[in-house]
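Report on one structure; see the data block that follows.
Throughout, protein chains are lettered first and strands after them, A, B, ... in sequence-line order, and every chain is numbered starting at 1. For clarity, every value in this text was computed on a predicted model and none was experimentally measured.
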Amino acid sequence: MNLEQTLNISVAKAVKSLYDFEPETNLPALQKTKKEFEGDLTVVTFPFVKAARKSPEQVGQEIGEFLLKDTEVVSKFNVVKGFLNLSISKSFWLETLNAIHSDNDFGITKATEDAALMMIEYSSPNTNKPLHLGHIRNNLLGHSIAEIQKANGWKVVKTNIVNDRGIHICKSMLAWKLFGNGETPESTGLKGDHLVGKYYVIFDKHFKAEIQELISKGLTEEEAKKSAPLILEAQKMLLAWENNDAEVRQLWEMMNAWVYAGFDKTYQQMGVSFDKIYYESETYLEGKSEVERGEAIAAFYRREDGSVWADLTGNGLDEKLLLRADGTSVYMTQDIGTAKLRYNDYPINKMVYVVGNEQNYHFQVLALLLDKLGFEWGKNLVHFSYGMVELPEGKMKSREGTVVDADDLMLEMIETARETSQELGKLDNCTAEEIETIVRMVGLGSLKYFILKVDPRKNMTFNPKESIDFNGNTGPFIQYTHARIKSVLRKAVEQKIEFSSLKNIGLGISEKESYLIQLLNEFPSVVRQAGEEFSPALIANYIYELVKEFNQFYHDFSILKEENQEMKQFRLVLSESIASVIKTGMSLLGIDVPERM
RNA sequence: GCUCCUGUAGUUCAAUGGAUAGAACAAGUGUUUCCUAAACACUAGAUCCGGGUUCGAUUCCCGGCAAGAGUACCA
C-alpha cells in the first residue's frame with residue numbers, strides 16, 4: 001500500500017469516527033503541500049465542514065490529531081484555514097528511499113504472459129514526400145506512448161501503415177517520368193525521399209500553370225482543376241496501377257524503394273522503430289472487398305455513376321465516398337481493409353491510432369463504418385488525436401516551401417549541440433567517437449524534449465528562426481544533471497565508498513532531501529497516469545521538476561565532502577536513485593541520457 | 001453555414017474545483033580559490049470579455065469575441 005492510500009484510509013476513518021460522515025463519492029485526493037507552507041501532503045477540509053458543523057480550522061485540527069494517533073507516517077501537522085498540512089516522518093522517507101534504491105524496475109510494470117495487447121499505429125507516412133516537423137511530433141509521440149504503455153504492463157505492437165499508393169504517389173511518378181531525365185538518388189546525391197518529394201513539387205508547379213492557362217481560356221477554377229491534362233494523366237496512371245500495368249508498377253516499385261531507403265535513415269536517426277509494417281498497396285484490396293460486402297448487406301449503396309457511398313446522415317454526419325466512380329479506392333477504403341487485417345493478424349485488445357487532430361472526422365467515420373460492417377471492435381478504436389505543429393505565421397504548407405524538414409532539423413540540432421560543447425570545452429577529453437555519440441544524444445534530446453513536454457492534444461508553435469534552447473526547461477538541462485550525478489558517483493567509486501543501502505533510518509535529513517524522496521516516490525503514479533492519459537508530457541514535466549529540485553540540492557549541499565559518513569552514503573543513495581529515475585523516465589520519452597557531457 | 005478544438009506574463013509552456021495562478025526563455029542583477037556555471041539565487045511581468053453553478057472557478061455550464069482545424073471522387 002502506498003503513502004496516499006494509507007493516508008486516505010486514515011482520513012476516511014477520521015471523518016467517520018469524528019463526524020459519522022461517509023462521502024458518497026471518493027474523497028478528494030490529497031494534494032502536495034505548497035512550498036510556502038510546512039508539510040508534505042495536504043488534506044482539504046472544506047468537504048467535511050458541513051457534516052462536522054464546525055469551522056474548517058477546527059475540522060483540520062481534529063482530523064490532524066486523529067491521524068497523529070492513527071498512523072505512524074504522520075509526524076506532525078499544522079492547519080491553515082481549511083488546509084490540514086501533514087508532515088511525513090523522516091524515517092518513513094528513508095525507508096521509502098531504500099525500497100526505491102533496491103528496486104531495479106522502479107516505476108515499471110512489466111508485461112506478463114497473459115497481458116493485454118495494445119497495437120499502436122504511428123508515423124504512417126505518404127511516400128510522395130520526405131518527413132517534416134509534423135511527422136516528427138507524430139513519431140516521437142507514437143514511440144513514447146508505446147514505451148509508456150509497455151511500462152504499464154501492456155504488450156505492445158508498434159505498427160506503421162505506409163500510404164504507398166494513391167493519386168499522390170502517381171503525381172510524383174508522372175512528374176519524374178515527364179521531367180526527370182532519369183534522375184536517381186545515386187546520380188543526384190539526394191536522399192531517395194527527398195528526390196521523390198522534389199518531383200511532387202514539380203508536378204504541382206506544372207499543374208498550377210495548366211490551371212492558370214485553362215482559367216485564362218474561360219474555365220472556372222473548379223473546372224480547370226478537374227480537366228487539366230496532368231491531373232487526368234495522373235488519374236489514368238492510378239487506374240493503370242490498380243489494373244497492375246507492368247510499366248507503371250515497375251516505376252512505382254523503383255521510386256518507392258528510393259523513398260523507403262530514405263525513410264529508414266530518418267527513422268534510425270530519430271530512434272524510432274516498428275514491429276509490423278503494413279502497406280496500403282497490400283491492404284486496399286481487402287478494403288475494397290469489404291466495401292463491396294457492405295454494399296451487398298446494404299450498409300452502403302452505389303450511385304448511378306458507379307461510385308460507392310455510406311450514408312451517415314442518420315449518425316449526424318454526411319455521406320462518405322468509399323469507392324470512386326472509376327472503381328479506384330480512397331484513403332478510407334484502405335483503412336477499413338487495414339483494420340480488418342490487423343485484427344486477423346493479432347489478438348488486439350486495444351487499437352490506438354496516433355494521428356493528428358485534423359483527422360478527427362475521418363476516425364469518427366471509420367469507427368462507424370466498421371460498426372456498420374459488423375465488426376464488434378469498430379467502435380472501440382482509439383484515435384489518439386494530437387495537435388498540429390505550427391509556425392509563427394501559421395500552418396506548414398509543403399507547396400509553399402514552409403515545411404521544416406525532419407532530416408535538416410535533426411542535423412541542425414546535432415550541430416548546435418556540437419558547437420555548444422566546443423564553446424564550453426565540455427568534451428575536450430573525449431574521443432571523436434564519444435563526442436559523436438554525446439552531441440547526437442544532446443541535439444536530439446533537445447528536439448525531442450521540446451516537442452514531448454507539451455500536452456500532446458494541444459497545437460504547438462515552433463519558430464525555426466529561434467533555435468531550441470539548451471538551458472532551462474530543456475532536454476539538455478536534464479541530461480546535464482544526469483551526467484553531473486554520474487560524475488559524482490564515479491568519484492565515489494574511485495574513493496571506494498560503499499553506499500548500497502541505508503542502515504540508519506533515524507538520520508536527520510533536510511526538508512530538501514525528504515522532498516526529493518517524495519518526488520521519487522511519485523514516479524510510479526506519474527507513469528501510470530501518463531499511460532491512462534496517453535501523455536508523455538506528464539513524464540517530461542515530472543522529470544523537470546525532479547531535476548530542478550536536485551540541482552538546488554546539489555548547489556546547497558555537499559555530497560562527497562560531507563563529513564558524516566552515514567549522511568554521505570545517504571546522499572549518494574539519493575543521487576543514484578534520482579539518476580536512475582531520470583534515465584528511466586527519459587527512456588519513456590525515447591531520449592537517451594549521457595554519462596558525461 | 002454546420003461540427004470540433006484552442007484562448008494564461010513580451011514569447012514558449014504548466015496548473016485532479018482549492019491556499020498568494022507555477023516554470024523556462026527573453027530583460028535587469030548577483031554567485032565560481034567549492035562534487036561539471038549546459039548550474040544556482042534575486043527583481044519585474046499573465047487567466048480574452050460577460051453571466052451562471054459552488055464555501056471556493058484558469059478549470060464546470062451558458063452567451064459573446066478571437067485564432068485554428070474539419071466539413072473533397074485529397075491523404
Charged N to carboxylate O under 4.0 angstrom, [X] versus [Y]?
X	Y	answer
Lys81(A)	Glu57(A)	no
Glu223(A)	Lys226(A)	no
Lys32(A)	Glu522(A)	yes

Would Phe83(A) pass as stacked on G18(B), i.e. its ring centre under 5.5 Å from the base's six-membered ring centre and planes under 30° apart?
-> no
Give a yes/no verdict on base stacking between A38(B) and Phe477(A): centres under 5.5 Å, planes within less than 30° of parallel.
-> no
Is there a donor on the side chain of Thr42(A) or the base of A19(B) sitting less than 3.5 Å from an acceptor on the other?
-> yes
Side-chain donor/acceptor of Lys426(A) to base of U36(B), under 3.5 Å | yes
For atom C1', what is the distance between A15(B) and A23(B), given to the nearest Å?
-> 11 Å
C1'-based separation of G10(B) from U71(B) [nearest Å] = 37 Å
When both distances are under 3.5 Å in a Watson-Crick or G-U wobble arrangement, the nucleotide paired with C25(B) is G10(B)
As its Watson-Crick or G-U partner within any shown strand, both distances under 3.5 Å, U3(B) has A69(B)
Take Arg303(A) and Ser307(A) through the side-chain hydrogen bond (donor to acceptor under 3.5 Å, both in side chains) test and state the conclusion after the steps.
-> CA-CA 6 Å; Arg303(A) 288 188 183 170; Ser307(A) 56; 5.0 Å; no
Met597(A) has its side chain closest, among C25(B), A38(B), A75(B), to A38(B)
